[in-house]
Amino acid sequence: MPDELATYAENTWCAGCGNFAILNAMKDVVGKLEERGVGKERVVMTAGIGCHAKIFDYLALSGFYSLHGRSMATAQGIKLANPDLKVVGFCGDGDAFAEGIAHMMYAAKRNSDITIVVHDNGVYALTTGQRGPTSAHGFKGPSTPRGNTEDPFNPLVLMLEAGATFVARGYVVMVGELTDLIVAGMMHEGFSFIQVLQPSVTFTNRYAEYNEMVERLEKPASTLDEALALARETDRLPAGIFYQTEKPSNERALYGDWNPVTNHPPRAKRLAKVKELIG
Amino acid sequence: MPDELATYAENTWCAGCGNFAILNAMKDVVGKLEERGVGKERVVMTAGIGCHAKIFDYLALSGFYSLHGRSMATAQGIKLANPDLKVVGFCGDGDAFAEGIAHMMYAAKRNSDITIVVHDNGVYALTTGQRGPTSAHGFKGPSTPRGNTEDPFNPLVLMLEAGATFVARGYVVMVGELTDLIVAGMMHEGFSFIQVLQPSVTFTNRYAEYNEMVERLEKPASTLDEALALARETDRLPAGIFYQTEKPSNERALYGDWNPVTNHPPRAKRLAKVKELIG
Amino acid sequence: MSRDRFTYIVGGKAGEGIKKAGSSAANFFASMGRHVFQMDDYPSLIRGGHNFVAVTTATREITSHFMKADLVVGLDKRSHETHRDHVAEGGVVVYNSDVVESGQGIGVAMSTEAQKYPNPGLRIGVSGAAALSAVIGLSADEMAAFITREYKRDLENNIPFATDIYRAVAEKAGGKFPLGDGDRERAMMTGNQAIALGVAAAGLDVYLAYPMTPATTILHYLAAHDQELGVVTMQPESEIAVINIALGSAAAGARTAVGTSGGGFALMEEAISLAGMAEVPILAILSARSGPSTGVPTYTEQGDLRFALSPGHGEFARIVASPGTVREAYGLAAELLELAWRFQSPAVLLTEKHLSESRMTLDLDVEDAAWAEPAMHDGGGYKRYADMEDGVSPLLFPPSDELIQWTSYEHDELGITTEDAAAIARMHDKRQRKTETVLEHLRTMKTVNRFGQGKATIFTYGSTTMSVLEALRVSDIEATVVQPVYLKPFPVWELEEYRDANPIVIEQSAAGQFESLLAEKARIDAGAHIRRYDGRPFEPEELAREIERVAQ
Amino acid sequence: MSRDRFTYIVGGKAGEGIKKAGSSAANFFASMGRHVFQMDDYPSLIRGGHNFVAVTTATREITSHFMKADLVVGLDKRSHETHRDHVAEGGVVVYNSDVVESGQGIGVAMSTEAQKYPNPGLRIGVSGAAALSAVIGLSADEMAAFITREYKRDLENNIPFATDIYRAVAEKAGGKFPLGDGDRERAMMTGNQAIALGVAAAGLDVYLAYPMTPATTILHYLAAHDQELGVVTMQPESEIAVINIALGSAAAGARTAVGTSGGGFALMEEAISLAGMAEVPILAILSARSGPSTGVPTYTEQGDLRFALSPGHGEFARIVASPGTVREAYGLAAELLELAWRFQSPAVLLTEKHLSESRMTLDLDVEDAAWAEPAMHDGGGYKRYADMEDGVSPLLFPPSDELIQWTSYEHDELGITTEDAAAIARMHDKRQRKTETVLEHLRTMKTVNRFGQGKATIFTYGSTTMSVLEALRVSDIEATVVQPVYLKPFPVWELEEYRDANPIVIEQSAAGQFESLLAEKARIDAGAHIRRYDGRPFEPEELAREIERVAQ
Ligand SMILES: Cc1ncc(C[n+]2csc(CCOP(=O)(O)OP(=O)(O)O)c2C)c(N)n1
Ligand SMILES: Cc1ncc(C[n+]2csc(CCOP(=O)(O)OP(=O)(O)O)c2C)c(N)n1
Ligand code: SF4
Ligand code: SF4
Ligand SMILES: [Mg+2]
Ligand SMILES: [Mg+2]
């Protein structure tokens with residue numbers, strides 16, 4: 001499968017970047033989705049802008065390379081138009097929890113049936129290392145030379161509270177698990193959020209730290225409270241599905257079995273309806 | 001004090017609107033702040049756009065009648081420029097948790113020393129009654145004639161999770177308590193969030209329901225978890241300070257005792273510095 | 001005193017049923033086969049304040065309200081005081097004598113009467129229909145039928161209440177202005193309804209909007225009729241969400257439109273540029289209000305023209321047009337959706353509160369709407385940005401075995417990011433060729449309307465067209481009215497003959513944006529101009545006098 | 001082979017110290033009292049890919065890089081292959097023989113040498129300084145001093161490494177291009193530094209920005225020097241937060257500026273309109289890159305001109321200007337902050353990546369900067385929007401006993417919301433008068449630069465000015481160059497004499513936005529044009545040939 005999913009784009013990630021693992025995982029995801037009856041032709045991706053987003057150029061899937069902070073809005077639009085598609089959106093931490101935080105909160109609130117993979121490297125990497133939403137207090141970057149004065153957001157907590165029905169954490173060193181998480185997220189009907197711990201070797205090389213702290217989470221919490229407690233842990237970093245619950249997706253809630261694209265009417269039919277309304 | 005704080009603007013709120021109580025509370029707040037050594041000349045307000053925001057026209061305080069969703073950004077700017085001012089921002093629920101949700105989350109995250117009063121009527125009132133971020137599932141408005149398909153946000157929970165250091169709920173029927181809450185919020189150094197249950201008699205007349213459910217909360221929770229549990233209650237609606245904690249404000253963290261406005265340098269001094277840098 | 005043209009102004013507090021009083025009258029006139037124009041004037045509030053509706057009817061076409069009314073009904077003190085001088089010579093003024101001490105005209109104790117029934121506050125608006133019925137000479141039964149049809153509910157109270165008012169007015173001015181029937185009953189709608197129906201007729205699948213006056217009622221209308229039409233509507237968390245969800249939707253193959261006013265459109269600009277780069281078909285409806293900024297949300301202005309012409313950074317094809325009448329809005333909305341899809345470009349329908357929210361009778365052929373149908377790719381080897389001669393690459397939507405990559409970055413034909421100098425220039429060339437193709441296509445279309453014939457030349461555009469046409473109808477002015485419908489590309493090829501016409505330029509703008517656009521693009525320098533910018537649309541009789549003044 | 005003008009191109013992977021190799025050379029030339037121009041060309045990535053820096057130096061003023069180099073150093077294979085043909089006749093090519101098989105020029109085993117020291121990957125960039133030192137005839141000691149001053153750290157490894165490379169190059173081309181000293185040492189800075197210093201010199205208190213290339217380094221520079229200067233910097237959550245926080249800040253009395261590129265500026269437009277309505281002084285720096293949309297983030301273009309001229313909906317005074325050189329950027333940034341405060345209006349400094357990030361020597365008088373000082377209200381009875389004859393109401397900031405109400409709504413003089421027709425028109429008139437006042441003020445200022453004298457007339461603007469001036473210097477072309485610095489209001493009063501000049505219009509745009517602006521505003525129709533839009537700035541020798549071609 002990998003070859004078929006490669007493009008001719010030159011890969012410009014730094015050697016050792018955590019993004020490679022996400023790219024590899026995605027290639028496996030496509031295969032596993034196929035096994036589950038979701039053909040590659042139905043898998044559509046979106047990306048924001050940043051190092052993470054380059055995955056769009058490297059992965060031979062259809063989709064929309066969107067704007068910084070809008071990947072999850074674009075993804076919702078694709079799903080809204082054609083609910084038969086499986087939509088995965090790649091976001092950076094800056095994308096997801098700064099410029100685009102409103103869309104994240106609302107994608108979760110309305111339970112849009114998309115999967116958002118956040119490449120969380122705790123920094124604005126592509127713009128040369130400024131602090132981001134998940135940067136630690138004290139983080140020094142070119143816009144905060146004396147250190148970040150803000151405390152970081154906890155993405156899992158925010159998504160759980162906003163109403164996400166599938167919340168998970170992966171780690172780039174655990175590619176197999178990451179693959180499974182993304183597959184599970186994409187098979188979940190409703191909004192799936194996956195935070196991926198993705199060290200930036202250049203700006204936030206936390207492999208060593210993560211290797212110590214990340215622990216496999218065997219099974220999802222059975223309540224939101226438990227999931228929140230897990231998400232708040234700071235001594236160890238559980239990786240796995242934190243929480244999963246069922247609720248009608250935004251698309252289903254809005255229009256049931258309708259499909260705007262495949263149900264597009266012929267002209268005569270539409271004009272007849274318009275005529276009716278004009279009376 | 002009331003007279004001095006009135007303007008000649010014609011009040012165009014519906015008779016019985018919960019906003020009147022917030023206006024009245026604010027007039028008392030100004031007096032109480034004065035007792036605490038904060039003169040009216042230092043109290044500055046901002047407002048978004050909506051029914052709630054008309055308070056700006058009715059209250060004789062200096063400030064900035066901003067844009068829909070930006071009241072809390074404008075407020076942060078005022079505080080950033082001159083930290084000697086006490087800044088209170090009025091927001092609607094649409095303002096605060098739809099168009100402006102990013103600014104709310106970040107005002108809390110960075111602990112900007114402003115007080116945000118959200119007139120939560122669970123609807124976009126001024127634009128004729130569309131569902132808003134806190135509208136109940138099933139709420140019928142002109143943009144959702146078959147009912148709101150989304151679940152509401154819990155503003156208190158979101159603000160607690162985002163890092164607000166003062167979180168409270170008031171109810172327009174309890175004007176005295178509301179006054180005290182706003183005073184406490186404004187005296188708190190850091191980001192203060194006050195959700196005010198504000199029935200819209202026209203669109204969401206929930207006085208009866210609230211009168212049943214609202215209960216005075218005697219003292220703040222001692223932990224974030226407790227505060228969250230209180231905020232999640234749905235059978236009764238506690239009103240009071242849910243949570244209060246100490247943390248350096250954004251402004252202090254950024255520049256300590258500096259004040260951009262009062263420390264504005266004379267030209268010669270600034271030019272000397274520029275010369276130094278050019279070398 | 002039979003007159004063909006009859007104007008009715010009814011005013012009162014918001015929440016008293018003023019809009020209903022106006023629209024029911026308009027409906028009634030339309031049911032007589034007459035032409036009607038209804039203008040709603042209301043402040044930005046929910047209850048109280050001062051609303052009024054001006055409804056004018058005639059047996060000939062009519063494209064404006066008038067402010068000299070044959071019947072003025074004031075339900076409260078302020079309305080009476082504001083509008084009593086709006087009565088035409090010989091006209092009738094009816095006021096609520098319970099709240100006005102020494103009124104002028106026919107005082108009726110409306111509040112006292114209303115008190116006799118439940119919900120007196122809601123009832124009072126029915127006075128309008130009663131007074132109108134009396135003045136135009138309906139019988140009490142005819143009035144009851146009118147009220148039954150328009151108010152539908154609570155008739156057991158509404159009809160007796162109305163009958164009381166009717167009697168009081170009929171006594172003094174009964175049958176003063178009998179109205180003749182018109183030729184046939186026409187549809188009646190607001191500009192926003194026409195736009196909604198137009199995009200629906202063109203094949204719209206998805207409509208997204210965040211509430212913002214005066215565009216909001218497009219969302220309301222489509223939401224109310226979504227299942228009937230098969231159009232999905234959604235109100236996301238902000239205008240930025242609206243436009244970005246919309247672009248995703250369009251890229252997945254759904255005909256998609258969005259609607260907002262200036263402030264919301266401003267927030268959409270980053271994504272309009274994205275639509276330019278990624279070549280996403282999208283229609284944005286921009287209905288302007290008095291600005292800048294929050295401005296005067298429920299009042300009209302043409303202050304957003306220049307702003308609408310250059311949305312988004314960078315160079316790409318932009319299409320902007322503005323309808324002159326409600327009738328035109330229907331076809332133009334459809335046409336713009338079609339152009340957006342034909343050229344995979346953002347298209348903007350620019351209009352104003354005055355068109356969006358005014359309501360008029362019209363002769364509408366529903367077929368008179370384009371159908372948005374993209375040129376689709378066929379076979380394999382798909383390249384999203386295939387470098388076609390006309391700059392327009394075929395479309396394809398998932399699910400598909402082909403790779404379909406839309407992108408905001410500069411790209412090669414497949415859609416892969418590029419930083420290569422030659423590749424960058426090549427794609428710029430492609431987009432420029434598309435811009436040319438759009439221009440060529442517009443040359444084959446009707447892009448400018450001309451009305452009448454006369455020595456004077458008048459240039460106008462957008463909703464002001466309705467005012468100008470009506471001003472000419474009610475005066476002896478002989479003029480040629482030229483109305484560019486398309487504003488970008490600006491149809492200069494149609495305007496060469498006016499190079500030395502020194503036209504009168506009429507617009508609702510303080511800065512004269514349309515005048516300068518004409519001068520800059522078509523090198524047509526105005527001989528004179530008439531501008532209004534107090535939030536109110538031109539009044540045709542006043543406008544006629546102004547035209548006469550400047551035409552000298 | 002002594003030449004006055006000397007060009008050095010050094011290329012390699014990002015992260016190998018290419019920028020440092022370029023800037024250290026530039027610094028060295030400057031330290032000789034020479035003029036220098038340094039252009040960084042880099043893709044949007046953090047490590048790898050292909051970066052290069054082109055540094056040109058002369059003993060006369062110089063305003064562009066050149067792409068024919070006397071010394072080309074390629075640290076990797078791609079750089080050698082990309083740039084070996086950029087060598088000028090008689091020039092020297094140095095390449096890394098460890099990674100290039102059959103190179104052209106002087107092969108040096110840079111990687112092998114670097115392996116002898118720790119962190120070989122970081123070291124390799126030092127080869128540039130070594131090769132350069134050899135070619136311009138420095139002694140080994142002079143080279144060591146050069147490296148000591150520029151690299152500062154790890155000298156115990158850097159100097160021996162450099163010495164090895166130096167020897168290898170010196171052997172074949174030592175002293176080939178001896179460089180004479182210039183007249184005196186000048187400051188050297190990028191356009192973004194000049195802008196940052198300019199606004200600081202004008203009294204800036206607060207700078208807000210969200211990272212976006214090519215504006216980001218203004219934030220970095222001010223953040224690095226915030227305490228020294230007494231300027232507060234902050235990076236909020238988005239551009240919308242930036243501009244709205246900025247407006248709050250300005251309304252509280254702090255001189256405030258923001259900076260971004262096209263996409264971020266698009267997001268700010270709603271608030272620019274707010275600044276127009278509320279009359280908030282704000283300076284926005286818009287540094288353009290190749291567009292539309294995300295485009296080519298690290299490359300240059302002048303595609304945002306029209307977009308920059310009409311930000312925000314509605315009618316209000318807009319001021320837009322674009323500096324032609326880094327030197328001019330300093331004074332213009334200060335001047336625009338001053339104008340923003342003088343007129344309580346949004347002002348936009350439009351520039352491009354080529355100016356923002358290119359670095360050059362300049363003669364800078366720090367005093368040559370305006371000081372932003374508002375006209376303050378005195379005494380009681382304050383009205384934020386006092387209806388002054390010139391449209392400019394005095395300012396007052398809290399804390400104050402007066403009521404100071406800024407607002408986005410249409411308002412009366414005090415700032416209370418109004419929907420009254422006369423009041424709306426009155427405030428429109430006030431804002432129009434302010435627009436006139438701005439225009440009158442601009443008439444008293446220097447708004448257009450003219451350079452040279454010659455039969456041909458060349459029009460250009462922004463960073464392209466630097467390219468055009470250099471093209472004239474290196475050719476025999478005699479031309480008058482006209483560069484409008486102010487673009488809104490457009491200084492037509494300065495341009496009347498060129499009405500029939502049929503100028504050559506030179507810009508970095510595919511659509512020819514500047515050309516059409518000239519035609520529309522000043523009715524100056526281009527006789528010919530030269531456009532570049534592949535993301536790269538004009539190269540002066542190529543441009544000179546183009547000018548010669550079209551001038552015929
Ligand atoms: C509207 C807008 N603002 C700013 C930028 C510049 N920008 C590009 S990527 C980025 C942030 C990248 O951070 P993150 O999302 O965490 O991605 P990473 O590079 O770390 O993978 C920014 C600010 C942009 N492209 N668009
Ligand atoms: C950018 C923008 N979008 C939309 C609007 C229109 N608008 C005005 S008020 C409002 C919502 C009001 O809801 P809320 O904030 O809850 O205030 P309320 O009227 O209920 O007090 C909207 C959508 C606007 N002014 N600006
Ligand atoms: S800068 Fe960081 S995130 Fe970007 S490619 Fe390099 S290692 Fe990866
Ligand atoms: S509509 Fe609702 S919120 Fe607005 S003034 Fe009336 S009661 Fe208050
Ligand atoms: Mg990141
Ligand atoms: Mg509300």
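Naming: A, B, ... by sequence-line order, numbering from 1 per chain. Everything numeric here is computed off the predicted structure, so don't read it as measured data.
- Side-chain contact check for C/Glu315 and D/Ser509: at least one donor-acceptor pair (N or O, by modelled atom type) lies under 3.5 Å.
- The structure places OG1 of D/Thr294 at 11.5 Å from NE2 of C/His411, a figure rounded to the nearest 0.5 Å.
- Across C/Ser516, C/Gly291, C/Ala422, the residue that shares the most heavy-atom pairs under 4.5 angstrom with chain D is C/Gly291.
- Both the backbone and the side chain of C/Ser44 come within less than 4.5 Å of a heavy atom of chain D.
- The most heavy-atom pairs under 4.5 Å with chain D, out of C/Ser408, C/Gly262, C/Pro311, come from C/Ser408.
- With a 4.5 angstrom heavy-atom cutoff, C/Gln432 touches chain D only via side-chain atoms.
- Between the side chain of C/Ser273 and the main chain of D/Ser293, a donor-acceptor pair closer than 3.5 Å is present.
- Heavy atoms closer than 4.5 Å to chain D are found in the side chain of C/Tyr299, but not in its backbone.
- Of the two parts of C/Ile240, only the side chain, counted from C-beta on, holds a non-hydrogen atom closer than 4.5 Å to a non-hydrogen atom of chain D.
- Rounding to the nearest 0.5 angstrom, the gap separating the OG atom in C/Ser261 from the NE2 atom in D/His313 is 6.5 Å.
- To the nearest 0.5 Å, the span separating CZ on D/Arg306 from CZ on C/Arg306 amounts to 7.5 Å.
- Heavy-atom minimum distance, C/Asp534 versus D/Ala425: CB-CB, 4.0 Å.
- The greatest number of non-hydrogen atom pairs below 4.5 Å with chain C, out of D/Gly49, D/Gly295, D/Ala266, D/Ala288, is found for D/Gly295.
- Heavy atoms only, all atoms of each residue included: D/Asp420 and C/Arg536 are closest at C-NH1, 4.1 Å.
- Taking D/Ser290, D/Pro297, D/Gly264 one by one and counting their heavy-atom pairs under 4.5 Å with chain C, the maximum is reached by D/Pro297.
- Interface check for chain C: of the options D/Gly303, D/Ala421, D/Ala275, the most heavy-atom pairs under 4.5 Å are formed by D/Ala421.
- Contacts with chain D were tallied for C/Glu270, C/Glu410, C/Glu239; C/Glu270 has the most, counting heavy-atom pairs under 4.5 Å.
- When the candidates D/Ala271, D/Gly263, D/Pro292 are compared by the number of heavy-atom contacts under 4.5 Å with chain C, D/Pro292 comes out ahead.
- In this structure, CG in D/Leu309 is found 8.0 Å from OG in C/Ser310, a value given to the nearest 0.5 Å.
- For the pair C/Ala519 and D/Arg523, the tightest heavy-atom approach, listed with the atom from each and the gap, is O-NH2, 2.8 Å.
- Taking the side chain as every heavy atom from C-beta outward, D/Glu301 and C/His428 approach each other to under 4.5 Å.
- Here the shortest heavy-atom pairing between D/Tyr533 and C/Asp429 reads OH-OD1, 2.5 Å.
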